[in-house]
Structures are given as structure tokens and as C-alpha cells.
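Report on the following structure.
The basis for the numbers below is simple: all heavy atoms, side chains too, and nothing from hydrogens, waters or symmetry mates.
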Amino acid sequence: MSSSEPTKKESVQDCPQVESYIKIDFQFETGTSTIFAYEDSGKYYIEQPYQGIYKIDSQLFERLQETD
């Protein structure tokens, strides 16, 4: 995911405003961090609520779907 590209879109909701998405929770000693992955208009994104939306490639999106 480090290869994701920042977008100019803002994340202002608790979850993406799209029909379908993948929710991924990361467990840390200090708590849980959640990101969402989704496709929108033929492009792929990961979104961290209130932090940012990043563009990813289709290969990463497909790998995330396999883990869902």
C-alpha cells in the first residue's frame, strides 16, 4: 500500500460513499485503524476515514479482495 498515490479527494465520512467496499482493520497496541478499499468509475482507492483517499492499482485491489 506504500505505492498508493494521494488524491485531492477528502475523506469526511466514517465509511466511503460508494455502493460496495472492503473494510480492513489493523490491530495495533494503541488501538485499531480501519481503511476501506473500493472501485469507483474504473479507478481503485483506499480510504482512511477523516485522513485521506489514495489511488491504488487494480492488482493491489484484487489482492485485497482475496483477503476479504
State, yes or no, whether a side-chain contact exists between [X] and [Y] at a heavy-atom distance under 4.5 Å.
{"X": "Glu39", "Y": "Tyr21", "answer": "no"}
{"X": "Ser4", "Y": "Tyr45", "answer": "no"}
{"X": "Gln17", "Y": "Asp40", "answer": "no"}
{"X": "Ser20", "Y": "Tyr38", "answer": "no"}
{"X": "Asp14", "Y": "Tyr50", "answer": "yes"}

**Q.** Leu64 reachable from Phe26 in the ILVMFWY side-chain graph, under 4.5 Å edges
**A.**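 Per the 4.5 Å side-chain linkage, Phe26 and Leu64 are co-clustered.
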
**Q.** Sequence-distant partners of Gln48, side-chain contact (heavy atoms from CB on, under 4.5 Å), two or more places apart
**A.**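 Result, side-chain contact (heavy atoms from CB on, under 4.5 Å) vs Gln48: Ser33, Ile35, Gln51.
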
Q: List for me each residue that meets side-chain contact (heavy atoms from CB on, under 4.5 Å) alongside Asp25, sequence neighbours excluded, and say none if there are none.
A: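 Applying side-chain contact (heavy atoms from CB on, under 4.5 Å) to Asp25 gives Lys23, Gln27, Thr32, Thr34.
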
Q. Do you know which two heavy atoms are closest between Ser11 and Pro49, and how far apart they sit?
A.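 The pair with the smallest heavy-atom distance is OG-CA, 3.2 Å.
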
Could you give the side-chain donor-acceptor pairs of residues 52-62 under 3.5 Å, partners two or more places apart or in another chain?
residue	atom	partner	partner atom	Å
Asp57	OD1	Gln59	N	3.2
Asp57	OD1	Leu60	N	2.8

**Q.** Test side-chain hydrogen bond (donor to acceptor under 3.5 Å, both in side chains) applied to Lys43 - qualifying residues, sequence neighbours left out
**A.**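 In terms of side-chain hydrogen bond (donor to acceptor under 3.5 Å, both in side chains), with neighbours along the sequence ignored, Lys43 is linked to no residue.
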
